[in-house]
Undergrad: 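Provided herewith is a single structure, encoded as structure tokens, for subsequent inquiry.
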Amino acid sequence: MVKHWSIARKIYIRLLLSIFVIMCLSLVTKAIENEDTFPSKQSWYKGLSNIWMVRLMLNLIGYASIFIPAAILVRYLKKIKYNERAGSGPVSSIIKLCVFGLEQIKPSLEEGSSAANTPPQEKTVWQMTVTLIICFIGLQVSFLTWGVLQERIMKYDYGATDTQSGEKFRNSQFLVFINRILAFILSSSVVIFTRQPRHTAPLYKYSYCSFSNIMSSWFQYEALKFVSFPAQVLGKACKIIPVMLMGKVVSRKSYHYYEYVTAAMISLGVSLFLLSRGEGNKQWSTATSFSGVILMVGYMLFDSFTSNWQGALFTTHKMSSVQMMMGVNLFSVLFTSVSLVEQGTMFSSLEFMFKYPQFMYHALLLSLCSATGQLFIYYCISQFGAVTFTIIMTIRQGLAILLSCIIYHHSVAQVGLLGILVVFTALFARIYFGKKSKSAKTNLKGLVKTEQSQSLLGNGKA
């Protein structure tokens with residue numbers, strides 16, 4: 001009992017230190033923001049807040065006020081092996097769930113669970129094809145709508161009239177917050193009211209992909225302000241290679257040479273097709289600043305880490321896609337809300353939302369598309385992996401303009417047709433070599449089993 005009180009006291013002290021750090025950072029940010037603190041009547045803070053690097057730094061400070069104390073606490077609890085000496089109370093159970101996770105229950109044969117030890121039945125090729133088509137359609141519909149709304153929100157002048165100029169909404173982090181809180185409500189409702197597998201992953205592991213997911217969204221929103229259309233196309237179309245490279249780092253995955261070649265071909269084909277649509281279009285900006293390039297690189301790095309880390313969690317802990325969605329968005333809501341409050345922009349963003357009902361409508365519709373898209377994202381990654389998901393999202397870029405050409409009878413340039421040909425050639429090559437590789441592995445396993453059975457027979461005769 002004395003040991004439990006000693007552990008609880010140490011945890012309590014660390015929690016108090018964490019709260020103190022958060023309060024200090026919040027007071028510093030508030031002091032910078034407060035115009036009355038300085039003799040100058042003009043708010044130099046507002047000028048600094050228009051610089052994306054300053055906004056990024058303030059966001060990171062807000063996230064660090066949660067990450068650093070939490071990391072210290074998790075490391076301490078693991079060091080003292082809290083799960084081995086903790087009691088069975090509600091607080092201890094929550095701490096164990098957050099830091100250590102739950103053990104996988106293995107039912108005994110006496111309980112009538114002999115089928116539990118048998119591996120789950122694999123889906124047929126037809127079932128996998130239908131599932132892939134459903135994921136493809138769901139992702140296209142959700143994110144085509146999401147992309148249109150995203151650009152409209154970031155570039156639209158709300159409240160503009162013939163006699164008065166409007167206001168642009170500039171807080172990218174608040175949009176991320178709205179998207180994530182609606183996704184969390186949706187996923188938690190599904191988890192509560194439907195049957196889900198036993199959750200074994202420590203909750204803190206979701207914080208890594210949650211942070212990278214927030215940062216990739218933030219970089220993408222910010223890049224819209226600095227990056228021209230061709231740069232956006234090249235950045236989004238070339239995501240497959242960074243995802244594969246990140247898979248080698250995160251999950252120690254190995255890829256065949258044909259996978260790298262076809263990935264490069266898909267990126268090239270989509271880029272050719274999309275860039276061909278920009279020829280002769282004077283409305284498309286060609287000016288891309290150095291800041292825009294940095295933002296696009298940040299977007300690709302964080303985005304490739306997110307899908308690979310989620311794929312690794314699916315492989316290790318076998319959670320459902322809805323459980324993954326709930327865990328990731330739980331931390332996303334926590335990170336973004338704390339950062340917004342510390343920066344003092346939460347209430348100003350809410351004020352902007354209620355001031356312009358059209359923005360509220362756009363933001364809620366954007367969040368609904370994002371939440372629906374996340375359901376398809378997590379399910380697609382759990383079933384087919386991060387690379388397949390990235391290929392689907394890359395093809396989406398070309399499909400959007402291809403549909404526009406069909407509906408509005410736009411002509412497609414020869415370079416665009418060449419890009420389409422390259423993409424489909426790469427997809428068919430990927431399918432062909434993938435089947436060939438699987439059949440080679442199957443034959444190899446058959447040969448190994450045959451050799452093992454022959455050696456056993458030979459030993460038996462001897």
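Both backbone and side-chain heavy atoms feed into the values below; hydrogens, waters and symmetry mates do not.
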Undergrad: Of all residues at least two apart in sequence or in a different chain, which pass the side-chain contact (heavy atoms from CB on, under 4.5 Å) check with V190?
TA: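 For V190 the side-chain contact (heavy atoms from CB on, under 4.5 Å) partners, ignoring immediate neighbours, are T194, Q196, V322.
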
Undergrad: Do any N or O atoms from the side chain of W309 and from the backbone of K205 form a donor-acceptor pair under 3.5 angstrom?
TA: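 Such a contact is found between W309 side chain and K205 backbone.
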
Undergrad: Hey, are N213 and Q310 close enough side-chain-wise for a donor-acceptor pair under 3.5 Å?
TA: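 Distance-only check fails for Q310 and N213.
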
Undergrad: For S207, give me all partners under side-chain contact (heavy atoms from CB on, under 4.5 Å), at least two apart in sequence or on another chain.
TA: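 S207 satisfies side-chain contact (heavy atoms from CB on, under 4.5 Å) with F67, F331, F335 once adjacent residues are dropped.
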
Undergrad: Between Y158 and F352, how do the two ring planes meet: parallel, tilted or perpendicular, split at 30° and 60°?
TA: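 Perpendicular, since the angle between the ring planes exceeds 60°.
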
Undergrad: Can you run down the salt bridge (charged side-chain N to carboxylate O under 4.0 Å, His left out) pairs that involve residues 309-324, sequence neighbours left out, and say none if there aren't any?
TA: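 Listed by first then second residue: nothing to list.
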
Undergrad: Mind checking the CG-CG spacing from L203 to L97? Nearest 0.5 Å is all I need.
TA: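 Answer for the CG-CG pair, L203 versus L97, is 4.0 Å.
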
Undergrad: If you count heavy atoms of other groups shown closer than 6.0 angstrom to CD of Q358, is the number above 12?
TA: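 Counting neighbours around CD of Q358, more than 12 heavy atoms of other residues, nucleotides or ligands fall under 6.0 Å, so yes.
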
Undergrad: Is a side-chain donor-acceptor pair under 3.5 Å present for Q173 with T345?
TA: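 Note: T345 and Q173 side chains miss the donor-acceptor criterion.
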
Undergrad: Any donor and acceptor pair, going by atom type alone, linking the side chain of N308 with main-chain N or O of V243 inside 3.5 Å?
TA: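 Confirmed, N308 side chain pairs with V243 backbone.
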
Undergrad: Does a donor on one side chain sit under 3.5 Å from an acceptor on the other, for T131 and Q383?
TA: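 Looking only at side-chain atoms, Q383 and T131 do not form any donor-acceptor pair under 3.5 Å.
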
Undergrad: Would you say S339's side chain and Y63's backbone share a donor-acceptor pair under 3.5 angstrom?
TA: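 No, S339 side chain to Y63 backbone: no donor-acceptor pair under 3.5 Å.
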
Undergrad: Are there more than 12 heavy atoms of other residues, nucleotides or ligands under 6.0 Å from atom CG of L364?
TA: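 Result for CG/L364: enclosed.
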
Undergrad: Anything under 30° is parallel, anything over 60° is perpendicular, the rest tilted; go ahead and classify H256 against Y258.
TA: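 Parallel.
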
Undergrad: For C369, is there any backbone N or O sitting under 3.5 Å from a side-chain donor or acceptor partner on T372?
TA: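 Not a single qualifying donor-acceptor pair exists.
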
Undergrad: Please list all pairs passing the salt bridge (charged side-chain N to carboxylate O under 4.0 Å, His left out) test where one or both residues lie in residues 178-193, with sequence neighbours left out.
TA: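 Checked against salt bridge (charged side-chain N to carboxylate O under 4.0 Å, His left out) - neighbours excluded - no pair reaches residues 178-193.
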
Undergrad: Can you pull the salt bridge (charged side-chain N to carboxylate O under 4.0 Å, His left out) pairs that have at least one residue in residues 63-74, sequence neighbours excluded?
TA: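 Non-adjacent pairs meeting salt bridge (charged side-chain N to carboxylate O under 4.0 Å, His left out): zero.
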
Undergrad: More than 12 foreign heavy atoms under 6.0 Å from OH of Y361: is that the case here?
TA: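 Count not over threshold, so no.
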
Undergrad: OG of S65 to CG of L60: how many Å apart, nearest 0.5 Å?
TA: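 Spacing of OG (S65) from CG (L60) equals 11.0 Å.
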
Undergrad: Return yes if some donor-acceptor pair links the side-chain N/O of T316 with the main-chain N/O of L313 below 3.5 Å, else return no.
TA: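 Not a single qualifying donor-acceptor pair exists.
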
Undergrad: Mind jotting down which residue pairs meet the salt bridge (charged side-chain N to carboxylate O under 4.0 Å, His left out) criterion with at least one end in residues 343-371? Sequence neighbours excluded, please.
TA: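 Sorted result for residues 343-371: E167-K355.
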
Undergrad: We want to know whether S320 and Y378 form a side-chain donor-acceptor pair, criterion being a heavy-atom distance below 3.5 angstrom.
TA: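 No, because no side-chain N or O of S320 sits under 3.5 Å from a partner of the opposite role on Y378.
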
